Amino acid sequence: MSGCRASAACQGLGAFGRFEVTNDVSAFTKAAVFQPGTTTETVIRFSTVAGERGSPDTWRDPRGFALKFYTTDGNYDIVGNDTPVFFLRDPIKFPSFIRSQKRRADSNLRDHDMQWDFWTLSPESAHQVTWLMAIAASAQLAVHESLQRPHIHVGQRRW
């Protein structure tokens, strides 16, 4: 996808489409996008999680997706990845996690100690690291990805 400005996932593939509500789910939501008969323009992007501009798609890295709905009320985004767990539970740690996966500014090299330090100082990441090092994180075509539900955290409640 050209014209990427996001620093977290700058390469991948995507498709435009339409989301059409064919069954009545109004008992579960009042959002206009999910009301019966509604059709909404969408775009989906598949990419690696820690990939960077120029990195190969064959790196051992979880694959992620972002689904954007262009609704009458504004844009609605759903983000997920292809593993059933993630490296962290506290969203405030996300910038530190992303920084630990990127190249150092002084040498332009990846710092494996920085990655390891983040993982060992965040014990909740151990389960995700086992997924990352397993065969499940090896390169796959997007059509063969096993996408998992998004990880949603609202304060101490988990949905």
Side-chain angles (χ1 to χ4, degrees), residues 1-17 19 28-29 31 33-34 40 42-71 73-142 144-159:
M1 296 176 65
S2 63
C4 178
R5 291 183 304 247
S7 62
C10 274
Q11 70 179 37
L13 59 100
F16 293 93
F19 177 79
F28 305 106
T29 181
V33 66
F34 298 118
T40 305
T42 62
V43 65
I44 190 165
R45 175 187 49 80
F46 297 94
S47 64
T48 58
V49 172
E52 55 197 26
R53 187 168 286 136
S55 65
D57 288 334
T58 55
W59 275 357
R60 184 170 295 276
D61 189 16
R63 277 39 179 176
F65 72 93
L67 177 60
K68 183 180 292 284
F69 294 83
Y70 297 99
T71 75
D73 298 323
N75 294 345
Y76 177 62
D77 296 296
I78 297 175
V79 179
N81 65 30
D82 67 347
T83 58
V85 293
F86 196 61
F87 292 98
L88 46 94
R89 290 188 177 180
D90 185 352
I92 200 74
K93 290 183 177 182
F94 190 73
S96 297
F97 164 68
I98 291 298
R99 183 69 207 121
S100 75
Q101 308 301 303
K102 298 298 180 186
R103 294 179 183 271
R104 292 175 50 112
D106 60 345
S107 66
N108 201 35
L109 297 173
R110 285 184 163 247
D111 187 340
H112 300 294
D113 290 331
M114 195 163 50
Q115 291 177 352
W116 188 252
D117 287 347
F118 181 86
W119 293 341
T120 57
L121 294 172
S122 302
E124 70 270 23
S125 70
H127 192 186
Q128 174 67 15
V129 172
T130 60
W131 276 89
L132 179 63
M133 300 304 169
I135 192 68
S138 60
Q140 299 178 44
L141 296 173
H144 298 295
E145 285 183 21
S146 175
L147 298 177
Q148 304 291 328
R149 74 207 181 287
H151 305 281
I152 300 171
H153 303 284
V154 180
Q156 295 300 316
R157 292 174 34 202
R158 292 192 1 189
W159 299 81

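Remember, it's a predicted structure, so these values are computed and weren't measured experimentally. Computed over heavy atoms, backbone and side chain alike; hydrogens, waters and symmetry mates excluded. For this chain, numbers begin at 1 and follow the sequence in order.
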- Separation between NZ of Lys68 and CG of Asn75, rounded to the nearest 0.5 Å: 4.5 Å

- Note on the structure: Smallest heavy-atom separation, Ala31 atom then Thr29 atom, equals N-OG1, 3.0 Å

- Message: Please report the interatomic distance CG(Asp111) to CD(Gln101), rounded to the nearest 0.5 Å.
- Response: 10.5 Å

- Query: About how many Å separate CD1 of Ile78 and OG1 of Thr42, when rounded to the nearest 0.5 Å?
  - Reply: 10.5 Å

- Note on the structure: Interatomic distance, NZ@Lys93 vs CD@Glu124, rounded to 0.5 Å, equals 4.0 Å

- Nearest 0.5 Å please: distance from the CZ atom of Arg110 over to the OG atom of Ser100. 9.5 Å

- Parallel under 30°, tilted from 30 to 60°, perpendicular over 60°: which one fits the rings of Trp116 and Trp119? perpendicular

- Message: So, using ring pair (Phe, Tyr, Trp, His ring centres under 6.0 Å) as the criterion, who are the partners of Phe19 when residues are at least two apart?
- Response: Phe34, Phe69

- Can you name the salt bridge (charged side-chain N to carboxylate O under 4.0 Å, His left out) partners of Asp117, sequence neighbours left out? none

- Query: Under 4.5 Å between any side-chain heavy atoms of Tyr76 and Thr40, yes or no?
  - Reply: no

- How far apart are the closest heavy atoms of Asp106 and Arg104, and which atoms are they? OD2-NH2, 2.7 Å

- Shortest non-hydrogen contact between Arg103 and Arg99, atoms and distance: O-NH2, 2.9 Å

- Short question: side chain of Thr71, backbone of Gly74 - any donor-acceptor pair under 3.5 Å? yes

- Item | Distance in Å, Arg45 CZ paired with Leu67 CG, rounded so as to fall on 0.5 Å steps | 11.0 Å

